[in-house]
Q: 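Handing you this structure, nothing more for now.
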Amino acid sequence: MMDTVLKKTLVKIILTLQDDHHGCKEEAINLAKQALGCEIQHNDIREIINKISEERVDKIVSTLESIKNPV
């Protein structure tokens, strides 16, 4: 079973790429590298442009979990 942190990271990567803002590919790569424990160079402007709210991520993760585990 996939842990919650990994699920949230994957959702953030998908949403970042789907939003297709400037620098989204680089930001998605950085999210993946950070999840793997790699040191990354932050770019504040790119991070602001590609900001994904935790509420949005939590909602998607909840939906995915409810689909996998129906009541």
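This one's a predicted model, so the numbers in the text were calculated from it and none came from an experiment. Just so you know, these numbers use all the heavy atoms, side chains as well, and skip hydrogens, waters and symmetry mates.
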Q: May I ask whether L10 and I40 are part of the same hydrophobic cluster, defined by side-chain heavy atoms of I, L, V, M, F, W, Y residues being less than 4.5 angstrom apart, directly or through others?
A: no
Q: Report the residue from L36, I29, L31 that forms a side chain to side chain contact (heavy atoms under 4.5 Å, CB included) with K33.
A: I29
Q: So, applying side chain to side chain contact (heavy atoms under 4.5 Å, CB included) with V11, which one of I52, V61, T63, L6 is it?
A: V61
Q: Please give me the minimum heavy-atom distance between I49 and H22, naming the atom from each residue.
A: CG2-O, 3.8 Å
Q: A quick test of your reading: do over 12 heavy atoms of other residues, nucleotides or ligands sit less than 6.0 Å from CD1 of I45?
A: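 Incorrect, the count does not exceed 12.
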Q: Looking only at non-hydrogen atoms, find the nearest pair between T16 and E27 and report the distance.
A: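 The pair with the smallest heavy-atom distance is CG2-CB, 4.1 Å.
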Q: If you compare all heavy atoms of A35 against all heavy atoms of T9, which two are closest, and at what distance to 0.1 Å?
A: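 Shortest heavy-atom contact: CB-CG2, 3.6 Å.
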Q: Taking it one step at a time, do N30 and Q34 satisfy side-chain contact (heavy atoms from CB on, under 4.5 Å)?
A: CA-CA 6 Å; N30 283 345; Q34 195 169 19; 6.0 Å; no
Q: How long is the span from the CD1 atom in I60 to the CD1 atom in I14, to the nearest 0.5 Å?
A: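 These two atoms lie 8.5 Å from each other.
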Q: Are any of the side-chain heavy atoms of L15 and K12 separated by less than 4.5 Å?
A: no
Q: Is any side-chain heavy atom of I48 closer than 4.5 Å to a side-chain heavy atom of K51?
A: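 SC-SC contact between I48 and K51 ruled out.
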Q: How far does CG of L17 sit from CG of N50, to the nearest 0.5 angstrom?
A: 9.0 Å
Q: Would you name the heavy atoms of Q41 and R46 that are closest together and state the gap between them?
A: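 Shortest heavy-atom separation between Q41 and R46 comes out as O-NH2, 4.0 Å.
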Q: Linking I/L/V/M/F/W/Y whenever any side-chain heavy atoms sit under 4.5 Å apart, do V57 and L64 land together?
A: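 Both belong to a single hydrophobic cluster.
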